[in-house]
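Chain identifiers are assigned alphabetically (A, B, ...) following the order of the sequence lines, protein sequences preceding nucleic acid strands; residue numbering begins at 1 within each chain.
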Amino acid sequence: MRTYDHGALEKKWQERWHRDAIYKTPDDTEREKCYILDMFPYPSGEGLHIGHPKGYVATDVYARNRRMNGKNVLHPMGWDAFGLPAENYAIKNKMHPQVAVRKNIKRFKEQLARIGFDHDWEREVDTTDPEYYRWTQWIFLQLYKKGLAYESHEPINWCPSCLTGLANEDLEGNTCERCGTLIEKKPMRQWVLRITEYADRLLADLETLPWQESVKEMQRNWIGRSEGAEFDFPITGTDEVIRVFTTRPDTLFGATYVVLAPEHPSVDRLRTAIQNLAEVERYRTEAAQKTEIERTAGTKEKTGVLLEGVQATNPANGESLPVFIADYVLSTYGTGAIMAVPAHDERDNAFAKAFGVPIRTVIQGEGAEEDMVYTGAGTLVNSGPFDGMQSEEAKAAITKHAHGTQVVRYRLQDWVFSRQRYWGEPIPLIHCETCGVVPVPEADLPVRLPDVESYEPTGTGESPLAGIDEWVNTTCPGCGGKGMRETNTMPQWAGSSWYYVRYMDPKNDTALVDPKKEKYWSPVDIYVGGMEHATRHLIYARFWHKFLYDIGVVYTMEPFTKLYTVGLVLAEDGRKMSKRWGNVINPDDMVDKVGADAFRVYMMFMGPFEQATAWSIDHMAGARRFLERVYGLSERVAADAESDALLRSRTIRKVGDDILAFNFNTAISALMIMVNELEKRASVAREDMETLLLLLAPFAPHLTDELWESLGHKESIHCAAWPAYDTTVLEQAEITIVVQVNGKTRGSFTTAQGVLKEELISLAKEVPSVIPHLQGKTVRREVVVPGRLINFVVS
RNA sequence: GCCGGAGUGGCGGAAUUGGUAGACGCGCACGACUCAAAAUCGUGUCUCGCAAGGGGUGAGGGUUCGAUUCCCUCCUCCGGCACCA
């Protein structure tokens with residue numbers, strides 16, 4: 001008996017697949033395509049994490065199955081290599097980030113190769129390759145030209161540890177997602193993308209996507225749509241008008257004061273009217289520094305300052321109202337100003353009680369309790385001509401009456417797109433004293449990232465690029481005069497926002513993508529990656545895709561049709577893997593131990609793909625044992641063995657359906673059942689064995705190719721056709737009918753399919769274990785479920 | 001607080017539209033092989049009961065001939081958003 005030496009066997013097949021280029025993406029566009037994509041990895045210095053291969057094995061299995069089914073498969077891989085970790089790694093190890101990235105990519109590739117993936121490496125992309133980021137810059141220029149990229153000096157999130165500005169999406173609460181440091185608000189010059197312009201489409205088109213509900217819901221929450229109205233509250237004795245946003249125009253008569261966010265620009269314009277200016281300024285300064293910390297501490301205690309001498313007029317009833325500034329009103333949401341209705345809003349209520357402002361009930365609702373702030377809808381009271389009206393109706397009526405405007409507001413904020421760090425795509429703009437901001441001509445792209453002596457962030461609000469005079473100083477493309485290059489770089493999320501397009505046409509140097517190729521391959525049919533990208537990468541990519549659609553570069557509204565999120569691989573102790581716990585599992589060690597095939601089979605068998613599951617060395621050993629048994633079976637193949645068409649057909653159907661539905665664990669279970677069956681026999685029919693190998697090939701590509709060859713095949717099993725199941729055989733198979741009496745199972749019998757109801761009933765009554773339960777009883781009802789069961793209701 | 005997802009043996013987990021709960025694997029027990037062990041193979045493995053039979057899918061109610069699946073109330077865990085007006 002031969003031995004299953006996975007080391008030598010896997011090496012042999014990996015080399016042969018490479019030699020024969022069997023995974024090369026076909027050029028012809030006649031056949032049906034399948035574009036299956038992994039979220040490409042960040043090539044960190046740590047090497048491959050165990051979570052990576054789980055997703056990659058799934059797409060690999062799927063891709064192999066599709067290829068065997070005759071589809072043109074695009075299953076590429078690449079590197080998302082710009083960004084902070086590479087830069088920090090480079091700083092720490094005193095090497096150029098590009099050198100560090102190349103080194104890490106090499107390591108990742110070796111690790112991936114050992115697991116036997118079917119990626120087409122001719123289409124590899126690397127976001128740090130100037131030929132790649134040339135097009136990232138090109139997209140930025142198009143955004144700029146359409147007015148969707150703008151320069152701003154607003155206060156933004158600043159990480160005092162990473163020394164860069166961040167987008168809202170880069171925060172975890174009030175801390176930096178990367179390093180956990182508390183975020184500060186810092187006014188600085190920055191480039192911002194107008195993603196809010198696409199908020200409505202990003203939200204609406206979610207409905208067209210067959211994604212899992214949780215991801216869609218996360219995006220809905222992130223975008224945060226609310227319908228309401230805006231009203232103008234004029235300030236007495238000035239030209240100033242405060243515009244407020246509310247979702248409850250029906251409560252307008254209950255407004256007893258107005259609150260502005262501390263940063264609200266009206267405060268500056270009202271300086272002469274404000275009698276307690278010193279106090280106001282003190283509060284504003286405090287708020288600017290303290291807000292974030294206080295919010296983290298979780299105190300909801302209301303603070304604020306009355307603007308003495310300032311009165312606002314309620315547009316509904318002409319009432320004169322006091323005006324406050326308070327940090328519970330956010331400058332970034334709505335208009336940065338609210339009308340406060342303490343009777344029907346928890347926060348306004350708390351503030352009003354703390355500051356002694358009157359509280360006026362204007363809504364009476366069912367279930368309203370004493371001492372509780374009623375925030376529901378109801379019947380209007382104390383609302384002049386609108387008394388007695390219902391909330392819904394009153395919203396429109398009062399909006400009209402008080403000359404308000406119906407508006408829709410989003411929680412989503414524009415995408416802060418500049419980073420004050422070295423390792424990113426340079427933003428392709430030039431500042432000129434006469435022409436202002438001028439885009440770099442497209443012919444001059446890429447604007448290459450120059451070498452620099454120190455990659456360390458400066459912390460000054462400028463990137464290290466600002467220190468390279470010979471790079472910064474250039475000629476203005478507009479007037480030919482003196483120009484200075486933009487020194488901010490793009491965030492890590494830029495390159496990953498369109499890479500799936502590049503794979504379709506990776507070598508194109510005259511256009512972002514050849515329209516013919518884009519039309520053929522787009523959209524991505526299956527996209528697989530981590531849940532953590534739900535409100536970042538997946539929103540950014542959808543935004544850029546819609547923009548590319550608008551400018552006619554791509555032809556679909558959405559980039560990714562199906563989305564599967566990889567469930568976390570936990571450590572054996574059930575906790576997250578972490579160096580701190582010392583419970584990290586290294587994929588290389590596992591592959592050494594049991595081989596890539598057993599590793600792959602285990603990863604797919606460990607549980608439902610999208611669910612978090614703890615690693616188990618024992619369970620992985622079980623996967624290895626399973627493959628040993630397949631190996632053993634192959635030595636029992638005999639010409640005179642009886643084949644089992646029913647077993648084959650059942651397994652073919654189950655495995656095929658399960659792979660397409662991403663139910664890999666039950667697919668493997670079906671293969672195990674087949675092996676169990678075949679093992680009962682003294683010898684195995686060639687046809688049965690070949691079917692087993694074909695079905696197992698996507699999961700265990702090396703072993704199956706070896707055994708396939710040993711059966712005399714010259715061509716790789718991965719170029720063979722997926723077997724078809726025989727419908728007739730399945731239809732002619734006997735089925736088991738369960739017999740119940742009063743809903744309790746009392747027996748079963750087997751019969752041919754399609755037997756008439758009457759005959760089934762008489763067969764059921766004759767089942768020995770059923771007879772005693774019917775004796776002396778009257779059958780009141782006979783429930784017959786075709787092909788499944790019969791239930792006698794007796795008394 | 002709002003929203004989404006999930007609770008099934010000792011463990012990972014299976015169960016078409018409501019139709020034999022616990023497939024498959026791990027572990028464990030016993031047996032075979034062995035001087036012995038490992039490996040391998042065989043048998044058993046939700047629970048109470050000698051058995052017939054009863055109970056059982058987080059808890060309690062309901063609908064139904066029949067509920068892990070549908071409805072109501074509640075508990076627990078995971079994830080997202082959260083002073084968003």
Side-chain angles (χ1 to χ4, degrees), chain A residues 173 212-226 228 244-248 251 255 259 261 291 294-295 298-302 326-330 332-341 344-348 350-351 375 409-413 531-532 534-535 565 568 574 601-602 605-608 610-623 625-626 628-629 632 657 663 665-676 679 736-748 769 772 779-794:
Chain A
Q212 68 187 91
E213 194 51 35
S214 56
V215 174
K216 294 210 276 187
E217 192 61 22
M218 280 166 76
Q219 293 210 350
R220 281 187 207 111
N221 285 344
W222 193 261
I223 296 165
R225 179 181 203 270
S226 48
V244 306
F245 172 68
T246 179
T247 54
R248 295 297 301 275
T251 63
V259 190
T291 342
E294 278 180 354
R295 275 182 208 164
T299 50
K300 300 275 164 100
E301 211 168 289
K302 297 288 178 288
D327 63 9
Y328 83 92
V329 173
L330 308 177
T332 48
Y333 186 76
T335 58
I338 61 157
M339 58 171 215
V341 184
H344 304 293
D345 181 279
E346 307 256 6
R347 299 150 298 183
D348 296 346
F351 186 90
T375 55
R409 285 284 181 177
Y410 296 93
R411 197 199 74 104
L412 183 74
Q413 289 174 40
M531 187 64 140
E532 67 273 19
T535 52
T565 52
L568 221 54
V601 166
Y602 170 57
F605 188 58
M606 63 192 296
E610 301 198 292
Q611 188 180 298
T613 313
W615 190 264
S616 161
I617 298 277
D618 282 346
H619 289 203
M620 183 174 68
R625 208 145 40 212
F626 166 63
E628 302 263 12
R629 290 164 60 202
D657 288 354
N663 294 328
N665 55 335
T666 49
I668 289 171
S669 162
L671 290 167
M672 287 172 169
I673 290 168
M674 183 168 183
V675 168
N676 290 345
E679 268 191 342
T736 302
I737 304 284
V738 170
V739 186
Q740 296 184 337
V741 178
N742 284 345
K744 287 193 190 302
T745 302
R746 298 301 180 186
S748 65
S769 58
V779 176
R780 303 280 170 202
R781 201 173 145 189
E782 290 153 341
V783 181
V784 179
V785 183
R788 288 212 164 264
L789 67 62
I790 291 168
N791 185 19
F792 295 112
V793 183
V794 302

Please name all residues satisfying side-chain contact (heavy atoms from CB on, under 4.5 Å) with [X], sequence neighbours left out, ordered by chain then number.
{"X": "A/Gln212", "value": "A/Ser214, A/Val215, A/Met531, A/Thr565, A/Glu610"}
{"X": "A/Asn742", "value": "A/Val793, A/Val794"}
{"X": "A/Glu346", "value": "A/Val373, A/Thr375"}
{"X": "A/Ser669", "value": "A/Phe605, A/Ile673"}

Watson-Crick or G-U wobble partner of [N], both distances under 3.5 Å:
{"N": "B/G1", "answer": "B/C81"}
{"N": "B/A23", "answer": "none"}
{"N": "B/G18", "answer": "none"}
{"N": "B/C50", "answer": "none"}
{"N": "B/A6", "answer": "B/U76"}
{"N": "B/C41", "answer": "B/G31"}
{"N": "B/U64", "answer": "none"}

Any side-chain heavy-atom pair of [X] and [Y] under 4.5 Å:
{"X": "A/Glu213", "Y": "A/Arg220", "answer": "yes"}
{"X": "A/Met339", "Y": "A/Thr251", "answer": "yes"}
{"X": "A/Asn791", "Y": "A/Arg781", "answer": "no"}

Can you tell me if the side-chain N/O atoms of [X] get under 4.0 Å from OP1 or OP2 in [N]?
{"X": "A/Arg220", "N": "B/G80", "value": "no"}
{"X": "A/Asn676", "N": "B/G25", "value": "yes"}
{"X": "A/Arg625", "N": "B/G27", "value": "yes"}
{"X": "A/Tyr333", "N": "B/A85", "value": "yes"}

Return the 5'-most residue of the pair A/Ala623, A/Thr335 with respect to RNA chain B, ranking by each residue's nearest nucleotide.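 Its nearest nucleotide being more 5', the pick is A/Ala623.
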
Which residue lies more 5' along RNA chain B, comparing A/Met218 with A/Tyr410 via nearest heavy atoms
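On the 5' side of the pair lies A/Met218.
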
> If you take all heavy atoms of A/Gln740 and A/Thr745, which pair is closest and at what distance?
Replying inline: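 Smallest heavy-atom distance, with atoms named: NE2-OG1, 3.6 Å.
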
So which atom in A/Ala534 and which in A/Met218 form the shortest heavy-atom distance, rounded to 0.1 Å?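 Closest heavy-atom pair between A/Ala534 and A/Met218: CB-CE, 3.5 Å.
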
Exercise for the section: Under the side chain to side chain donor-acceptor pair (under 3.5 Å) rule, collect the residues that match up with A/Glu679, sequence neighbours excluded. Expected result: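 A/Glu679 satisfies side chain to side chain donor-acceptor pair (under 3.5 Å) with A/Arg629 once adjacent residues are dropped.
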
Counterpart residues, side chain to side chain donor-acceptor pair (under 3.5 Å), relative to A/Arg625 (two or more places apart):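 Expected list: none.
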
Heavy atoms from C-beta onward define the side chain here; which of [options] lies closest to that of [X]?
{"X": "A/Met672", "options": "B/A82, B/C24, B/A85", "answer": "B/C24"}
{"X": "A/Pro608", "options": "B/G13, B/U20, B/C81", "answer": "B/G13"}
{"X": "A/Ser669", "options": "B/G25, B/A85, B/C24", "answer": "B/C24"}

Span that lies between the [atom1] atom of [M] and that of [N], in whole angstrom:
{"N": "B/U40", "M": "B/C46", "atom1": "C1'", "value": "29 Å"}
{"N": "B/U73", "M": "B/C3", "atom1": "P", "value": "13 Å"}
{"N": "B/G58", "M": "B/G22", "atom1": "P", "value": "16 Å"}
{"N": "B/A82", "M": "B/A67", "atom1": "C1'", "value": "37 Å"}
{"N": "B/U17", "M": "B/C71", "atom1": "P", "value": "15 Å"}
{"N": "B/A21", "M": "B/G13", "atom1": "C1'", "value": "13 Å"}
{"N": "B/C11", "M": "B/C81", "atom1": "C1'", "value": "35 Å"}
{"N": "B/C24", "M": "B/A14", "atom1": "P", "value": "14 Å"}

Base, sugar-phosphate, or nothing for [X], non-hydrogen atoms under 4.0 angstrom?
{"X": "A/Leu789", "result": "base"}
{"X": "A/Thr246", "result": "sugar-phosphate"}
{"X": "A/Ser226", "result": "sugar-phosphate"}
{"X": "A/Asn665", "result": "sugar-phosphate"}
{"X": "A/Gly622", "result": "sugar-phosphate"}

- Can you list the residues that meet the ring pair (Phe, Tyr, Trp, His ring centres under 6.0 Å) rule with A/Tyr410, with sequence neighbours excluded?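 With sequence neighbours excluded, A/Tyr410 shows a ring pair (Phe, Tyr, Trp, His ring centres under 6.0 Å) to no residue whatsoever.
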
Please list, chain by chain and in numerical order, all residues satisfying ring pair (Phe, Tyr, Trp, His ring centres under 6.0 Å) with A/Tyr602, sequence neighbours excluded.
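With neighbours one apart ignored, the set is A/Trp615.
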
Over how many whole Å does the gap from [X] atom [atom1] to [N] atom [atom2] extend?
{"X": "A/Asp345", "N": "B/C2", "atom1": "CG", "atom2": "P", "answer": "15 Å"}
{"X": "A/Ile790", "N": "B/U20", "atom1": "CD1", "atom2": "P", "answer": "14 Å"}
{"X": "A/Glu346", "N": "B/C83", "atom1": "CD", "atom2": "C1'", "answer": "11 Å"}
{"X": "A/Phe626", "N": "B/U40", "atom1": "CZ", "atom2": "P", "answer": "15 Å"}
{"X": "A/Asp348", "N": "B/C83", "atom1": "CG", "atom2": "P", "answer": "15 Å"}
{"X": "A/Gln212", "N": "B/G79", "atom1": "CD", "atom2": "C1'", "answer": "11 Å"}
{"X": "A/Glu532", "N": "B/C81", "atom1": "CD", "atom2": "P", "answer": "13 Å"}
{"X": "A/Ile617", "N": "B/G27", "atom1": "CD1", "atom2": "P", "answer": "12 Å"}

Using a 3.5 Å distance criterion without hydrogens, assess whether the side chain of A/Asp345 forms a donor-acceptor pair with backbone atoms of A/Asp348.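 Yes, because the side chain of A/Asp345 sits within donor-acceptor range (under 3.5 Å) of the backbone of A/Asp348.
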
Note to self: Could you check whether any side-chain N or O of A/Arg746 sits under 3.5 Å from a backbone N or O of A/Ser769, counting only pairs where one atom can act as donor and the other as acceptor?
What the structure shows: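 No; zero donor-acceptor contacts below 3.5 Å.
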
Any protein N or O atoms within reach of nucleotides 51-57 of chain B? Criterion: under 3.5 Å, listing atom names and distances.
from: B/G54; atom 1: OP1; to: A/Arg746; atom 2: NH2; distance (Å): 3.4
from: B/G54; atom 1: OP2; to: A/Arg746; atom 2: NH1; distance (Å): 3.2

Are there any protein N/O atoms within less than 3.5 Å of an N/O atom in nucleotides 44-48 of chain B, and if so, which ones and at what distance?
none

Where the chi angle of B/G5 falls, syn if within 90° of 0 and anti if not: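 Anti, which is what one calls it when the glycosidic angle falls more than 90° from 0.
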
Taking only nitrogen or oxygen atoms into account, show me every contact under 3.5 Å that the protein makes with nucleotides 64-68 of chain B, one pair per line with its distance.
from: B/C65; atom 1: OP1; to: A/Arg781; atom 2: NH1; distance (Å): 2.9
from: B/C65; atom 1: O2'; to: A/Asn791; atom 2: ND2; distance (Å): 3.3
from: B/C65; atom 1: O2; to: A/Asn791; atom 2: ND2; distance (Å): 2.2

B/S/- along nucleotides 3-12 of chain B (protein heavy atoms under 4.0 Å) is SS------BB

